[in-house]
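Here is how names work: the chains are called A, B, and so on, in the same order as the sequence lines, proteins then strands, and each is numbered from 1. All values below were derived from every heavy atom in this structure, side-chain atoms included, with hydrogens, water molecules and symmetry-related copies excluded.
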Protein chains: 2
Amino acid sequence: MDKLDAGIIDMLRLNARAGYGDIGDAVGLSASAVKRRVDRLVASGVIRSFTIQVDPAVDGMGTEAYVELFCRGNVAPHELKRILSAIPEVVDAGTVSGSADAVVHMRSRDIHSLEIALERLRTATNIDNTRSSIVLSRLIHRRYE
Amino acid sequence: MDKLDAGIIDMLRLNARAGYGDIGDAVGLSASAVKRRVDRLVASGVIRSFTIQVDPAVDGMGTEAYVELFCRGNVAPHELKRILSAIPEVVDAGTVSGSADAVVHMRSRDIHSLEIALERLRTATNIDNTRSSIVLSRLIHRRYE
DNA sequence: TGTGAAATGATGCCAAT
DNA sequence: ATTGGCATCATTTCACA
């Protein structure tokens, strides 16, 4: 991961379909050298995948919520992970510092299916209670991940 | 957005560098028909961009926080968007229901640069105060977006 | 790493549905 | 309005220096 790799990654983040030649022009390498580096970045797991960002509204997944999770007693992170993995509406989650034990980002087709998913979460073992914030309007969506 | 478009989007989500011919084989179209549809999906904004998912740890962006934003008086969503857009550490944000005005997901290189970004957020015009939850361990990372 | 050749894929046009 | 096939052009990919 040197400066050249970082440059290649920046280019691919902006346009994952950029040609090797174009990337090479930008970072100062030949097309084949860029290809070799990209292949290596993929093989080593630095580049997880090539994807697209789809408008969630069009995709029919326009309803979102941020949910704070409060657990009963001490719950191990891998236990939380097990619970959350079973709910497909959970797109992102992490244990956090502060009063809550975890923050969960949920995305669903509509309010109704979000409510059902929330109910599943709320009734899971060791979950004490939840505090939901329904997203009213999306402001930022920088998916560099 | 018919069934064919949905199939094309599914393929591109799995591999944004898939060839038009390969996509066509999967959904039952010729390469040129797939290209036309992809071009249209991009032009109409359904496909927002072609990107890569990078391992945040390797990328040196392993420190995250969820931040609740409380504003002074009524702040228009587009005003919040303007403020948040200026902070690159903000990867995701939305106005929400409940006591907070917005929830912001931030990602940074380390605690120190996260702190600096938080300070910039906290001192922005019309921001009353913030409530941060630093992510201790990432549980879920379903980045279909 | 770069160069150059061969294979592969992208792109635009046209006739047909 | 949208498709498949084809011709052309660009890019990827690989062997070798």
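A salt bridge is defined here as a Lys NZ or Arg NE, NH1 or NH2 lying under 4.0 Å from an Asp or Glu carboxylate O, and B:Asp92 with B:Arg107 fails to meet this definition. The pair A:Asp59-A:Arg109 does not meet the salt-bridge criterion, since no charged nitrogen lies less than 4.0 angstrom from a carboxylate oxygen. The pair B:Asp2-B:Arg37 meets the salt-bridge criterion, with a side-chain N (NZ, NE, NH1 or NH2) lying under 4.0 Å from an Asp/Glu carboxylate O.
Within 3.5 Å, no donor on the side chain of B:Arg36 pairs with an acceptor on the base of C:dG12, nor the reverse.
As rounded to whole Å, 12 Å separates atom C1' of D:dT2 from atom CD1 of B:Ile8. Computed from coordinates, the A:Asp2 CG to C:dT1 C1' distance equals 13 Å when rounded to whole Å. Atom P of nucleotide D:dT3 and atom CG of B:Leu4 are separated by 7 Å, given to the nearest angstrom. The nearest whole Å value for the distance from the CG atom in B:Asp22 to the P atom in D:dT11 is 19 Å. Atom CG in B:Leu29 sits about 14 Å away from atom C1' in D:dG5, given to the nearest Å. Rounded to whole Å, the distance from CE on B:Met1 to P on D:dT2 is 15 Å.
Among the nucleotides D:dC14, C:dG12, D:dT3, the one closest to any side-chain atom of B:Ser32 is C:dG12. Closest to the side chain of B:Lys35, from the set C:dT11, C:dC13, C:dT1, is C:dT11. Set against D:dC14, D:dT12, C:dT11, the side chain of A:Tyr20 has D:dT12 as its closest nucleotide.
One finds a side-chain N or O of B:Arg37 lying less than 4.0 angstrom from the OP1 or OP2 phosphate oxygen of D:dT3.
Proximity of a side-chain donor or acceptor of A:Asp101 to a complementary backbone N or O of A:Cys71 within less than 3.5 Å is detected.
Comparing A:Ala31 and B:Ala31 against DNA chain D, the residue whose closest nucleotide sits nearer the 5' end is B:Ala31.
At the heavy-atom level, A:Arg17 lies under 4.0 Å from the strands shown only through sugar-phosphate atoms.
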